[in-house]
Number of protein chains: 2
Amino acid sequence: MTHKKSVFKRIRGAIQNHDAGALAGIFDECPSADMADVIEHLEPGERVFMFTAFTVEQAGEVLAEIESPVQKHILAGLDNQLLSNILQQLPSDDAVDILGNLSEERTEDILEMIGRNVSRELENLLKYGKETAGGIMDLEFVAVSEDKTVGDVVTIIREKKKVKNLYHVWVLNHQDKLCGVLSLKDLLVESPDRRIRDIMNPEVIFVHAQKDQEEVAGLFKKHDLVNMPVVDDSGQLLGRITHDDIIDVIEKELDEDLSLMTGVMGQPIAEESTLKISRARLPWLITGVMGGIVAAVVINQFETTLEKILALSFFFPVIMGMGGNTGTQAATIVVRGMATGDISLINIKKRLWLEMRVAFVNGIVCGLFLGLIVGFWFSDYALGGIVALAGALVILNSGVTGSAVPFVLRKCNIDPALATGPFITTLNDILGLLIYLGLLTLFLGEAV
Amino acid sequence: MTHKKSVFKRIRGAIQNHDAGALAGIFDECPSADMADVIEHLEPGERVFMFTAFTVEQAGEVLAEIESPVQKHILAGLDNQLLSNILQQLPSDDAVDILGNLSEERTEDILEMIGRNVSRELENLLKYGKETAGGIMDLEFVAVSEDKTVGDVVTIIREKKKVKNLYHVWVLNHQDKLCGVLSLKDLLVESPDRRIRDIMNPEVIFVHAQKDQEEVAGLFKKHDLVNMPVVDDSGQLLGRITHDDIIDVIEKELDEDLSLMTGVMGQPIAEESTLKISRARLPWLITGVMGGIVAAVVINQFETTLEKILALSFFFPVIMGMGGNTGTQAATIVVRGMATGDISLINIKKRLWLEMRVAFVNGIVCGLFLGLIVGFWFSDYALGGIVALAGALVILNSGVTGSAVPFVLRKCNIDPALATGPFITTLNDILGLLIYLGLLTLFLGEAV
């Protein structure tokens, strides 16, 4: 952290002095991912100046690491010629991600400026959805025919200098379809004249280009892969997904879940526009307000009770807090468990029964605690007892709702992450107040 | 999902018929990670039966994938001889993780049963903290002297058949200290008589064994690594961390953050004991109840106002919901941004100013919405106007609190994830009610 802060100050200084040499020096010491973080914190004008000071290679590396909303601003400040030079240096998947942030017209103009071969590759990649295997794959891989020998393959690898991070070679059969895999270790330890067909592992794990990236990440985790071939419907090899793409996918999917859980829709962390952020958050806030209005209507039904004992309203926050917290705790565990595979639809009853027992214990503890305070405060332990019972029931209800709703959503093919946060909290607010006011009205002998 | 469900049913059937052959057949088709998930859903007795049906290799692979709380139950049901056989088959990091779940006495007994060399290795690994580089490293790596030739190294690799997932070879200098790295691709393309010293990359990225695993994960992400050497204070090579360990670290750290955010402390998802789960969740629930009591005391101060207009209490849920949701949204983005590096301490003012603008816009929209409903409901648009103003201020306050508190916690070296969820919600409940009731009392001309 302190490191980045000092880099930030030095960059600011160099920009203010228009000292491109100093900037290049800082770049040499600082990994491009750190550089990208620092640039995200600069003012828009300063950012564009940085990119004119970089070499084409440096600019590409850093640009690929910058978050989408900031990247868009920078792209708007760079001219097409410079941008096309930058893109030609980048691995194909990074280049395509950047093109995806440009208008269609500008993408076409830039593809025309880029050399024929590269631009055809990029056009092919642009066809795939951003969150599919095709959308995250790159084209830097080595594939060889099963008829080749180990010696042939070594020669091929020697020629393909551009392919970085090469750990496996994929094998194609006579129809040019993927039929096996060889690790570089296999190639190293086998003698040069052996046929690939005889030493390859035919059980190659691959995905189709249309596969959702979350499922791809699941395969990587299950089989501890470093890379994976991507094929089309006919089994033709299209590209390669590498482990670092998968870490990005895992973090993105988790952020998406977290956004849903906390009531933010599709807002990138680095977004800088006030109105875009507002728009991402308002739907849930408005939904929350409407839920609150429903709660107000519920309370209104118990006006007579409240008029007699105004103090009952003092405890709305406690009741709502207990319900909200219990529901969120249960829902979060279930939602995360589903995502990691530790909780599945296999044994819903067992989980619900466990959550019910937990809510029962916690309900008794918290209910008693609250009841004692209320009893002491108003010197009325009968009231305290009723409040204790109400509190326990509210927690029991919330624990069950919180753990059951994610399963229901999943069955309906809705993202269960939606269940935590605002949704479950609002639902439990309303149910909790109903239980609390209903029970008190009943015991205090008040007709509604 | 459906796949796992059918595997689950078949396993249940085979166990009920005591058909070990059928179990072996299912194992052959099913990746060990899936198998582990399924076993987590079996009854305790069924689980132990599964492990007696497995071969030692199968048992090890599956056991390593099972979550800690369930693993402990299974370990209790296996005898020491079987367990020591299983552990000898496993990569050292997995074996040590399992030993970490046993009592010290039992660990000693088992280490005695395991062959001398392996048990000394495991004892060395047991020294390191579970969440450090030393705690997640394994001992399966290849290190060679810088004096060797490419041909020598190939011979060494050929002998080290046990090392799986080998992508790099580390180079040691004359003092046996780490001084470089070579990819297998380098070894493949260079001629056999070249000296390692002349072709190695001296800029090898490594970590010290005491380094926290989260920082290690950061290095992996920054440099897109597949593995990384671990050294002791004197620069001696100790072990290797691989990319799949890092994916586990990333997911675990995220789950930890998420637990803090939702008020669950250190509860593994697969935990099955009601009391352990209760104990993990109760601290926050009780804290929430105490926060609610404070809110009750605040409301009590405005008793006179409430007695005059009871309907004001109807809107406690709306006010609390608006504050809670806004605070959680802002805090979540800041906390996640800090974790991913997109938001840092570099530019706190910029972020706070952005969040304030967002809260201002959302406050006006939600405040107006609420004010109109209240005005319409009670045919009192003056009241509606005051409620609208209160709502807007509550959202503004919560947005600022939600985004500022994580920075404050970070400055105090407290995990900022603590800021979201119960903590920020309770704080905003209290502040929100103060603003709402205070403003209404002021405008309606009521002395407290």
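Every chain is numbered from 1, with letters handed out A, B, ... down the list of sequences. If you're wondering where the values come from, they're calculated on a predicted model, not measured in any experiment.
The distance from atom CG of A/Asn227 to atom NE2 of B/His243, rounded to the nearest 0.5 Å, is 9.0 Å. Here B/Lys221 contributes atom NZ and A/Glu65 contributes atom CD; the two are 11.0 Å apart, rounded to the nearest 0.5 Å. The distance from the OG1 atom of B/Thr242 to the CG atom of A/Asp224 is 7.0 Å, given to the nearest 0.5 Å. B/Met320 CE to A/Thr425 OG1: the interatomic distance, rounded to the nearest 0.5 Å, is 11.0 Å. B/Ile299 contributes atom CD1, which lies 7.5 Å from atom CZ of A/Phe314 (distance to the nearest 0.5 angstrom). Here B/His168 contributes atom NE2 and A/Tyr167 contributes atom OH; the two are 4.5 Å apart, rounded to the nearest 0.5 Å.
Between A/Leu285 and B/Met322 the shortest side-chain heavy-atom distance does not fall below 4.5 Å. Between A/Asp429 and B/Phe316 there is no side-chain heavy-atom pair separated by less than 4.5 Å. By the 4.5 Å heavy-atom criterion applied to side chains, B/Val365 and A/Ile286 are counted as neighbours.
With chain A as partner, the option from B/Val154, B/Val226, B/Asn325 having the largest number of non-hydrogen pairs under 4.5 angstrom is B/Val226. When each of B/Leu188, B/Ile333, B/Ile157 is checked for heavy-atom pairs under 4.5 Å with chain A, B/Leu188 comes out on top. When each of A/Thr326, A/Thr328, A/Val289 is checked for heavy-atom pairs under 4.5 Å with chain B, A/Val289 comes out on top. Between chain B and the residues A/Asn362, A/Val318, A/Leu433, A/Asp244, the largest count of heavy-atom pairs under 4.5 Å involves A/Asn362. For the set B/Arg158, B/Arg351, B/Glu190, the entry with the most heavy-atom pairs within less than 4.5 Å of chain A is B/Arg158. Looking only at heavy-atom pairs under 4.5 Å with chain A, the residue among B/Gly288, B/Ala295, B/Gly321, B/Cys366 that has the most is B/Cys366. Of all the listed residues (A/Gly291, A/Ala296, A/Ala36), the one sharing the greatest number of non-hydrogen pairs under 4.5 Å with chain B is A/Ala296. The greatest number of non-hydrogen atom pairs below 4.5 Å with chain A, out of B/Ile293, B/Leu166, B/Leu187, B/Val334, is found for B/Ile293. Interface summary for chain A: among B/Ser278, B/Gly292, B/Ala359, the most heavy-atom pairs under 4.5 angstrom belong to B/Ser278.
Interface residue A/Thr332: only side-chain heavy atoms are found under 4.5 Å from chain B. Looking at A/Glu159, neither its backbone nor its side chain comes within 4.5 Å of chain B, counting heavy atoms on both sides. Contacts of B/Val298 with chain A are absent, with no heavy-atom separation under 4.5 Å from either backbone or side chain. Proximity to chain B is limited to the side chain of A/Ile250, based on heavy atoms less than 4.5 angstrom apart. Neither the backbone nor the side chain of A/Val374 has a heavy atom closer than 4.5 Å to any heavy atom of chain B. For A/Leu310, the part lying near chain B is the side chain, with the backbone staying farther off; criterion is any non-hydrogen pair under 4.5 Å. For a residue to count as touching a neighbouring chain, one of its non-hydrogen atoms must lie under 4.5 Å from one of that chain's; by this rule B/Lys350 touches chain A with the side chain only. In this structure, chain B has a heavy atom under 4.5 Å from the side chain of A/Glu67, while its backbone stays farther away. Only the side chain of A/Ile247 comes within contact range of chain B, judged by heavy atoms closer than 4.5 Å. Both the backbone and the side chain of A/Ala330 come within contact range of chain B, with heavy atoms under 4.5 Å apart. In this structure, chain B has no heavy atom under 4.5 Å from any part of A/Ile319. Within the 4.5 angstrom heavy-atom criterion, only backbone atoms of B/Leu42 (N, CA, C, O) approach chain A. Contacts of A/Ile373 with chain B are made by side-chain atoms alone, with heavy-atom separations under 4.5 Å and no backbone atom involved.
Remark: the backbone N or O of B/Thr274 is not paired with any side-chain donor or acceptor of A/Arg357 at under 3.5 angstrom.
Residues A/Leu184 and B/Leu184 approach most closely at CB-CB, 4.0 Å, considering heavy atoms.
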Start with the C-alpha distance between B/Glu355 and A/Arg281, add both sets of side-chain angles, then the distance that settles salt bridge (charged side-chain N to carboxylate O under 4.0 Å, His left out), and finish with yes or no. CA-CA 12 Å; B/Glu355 288 293 339; A/Arg281 298 185 189 174; 2.8 Å; yes

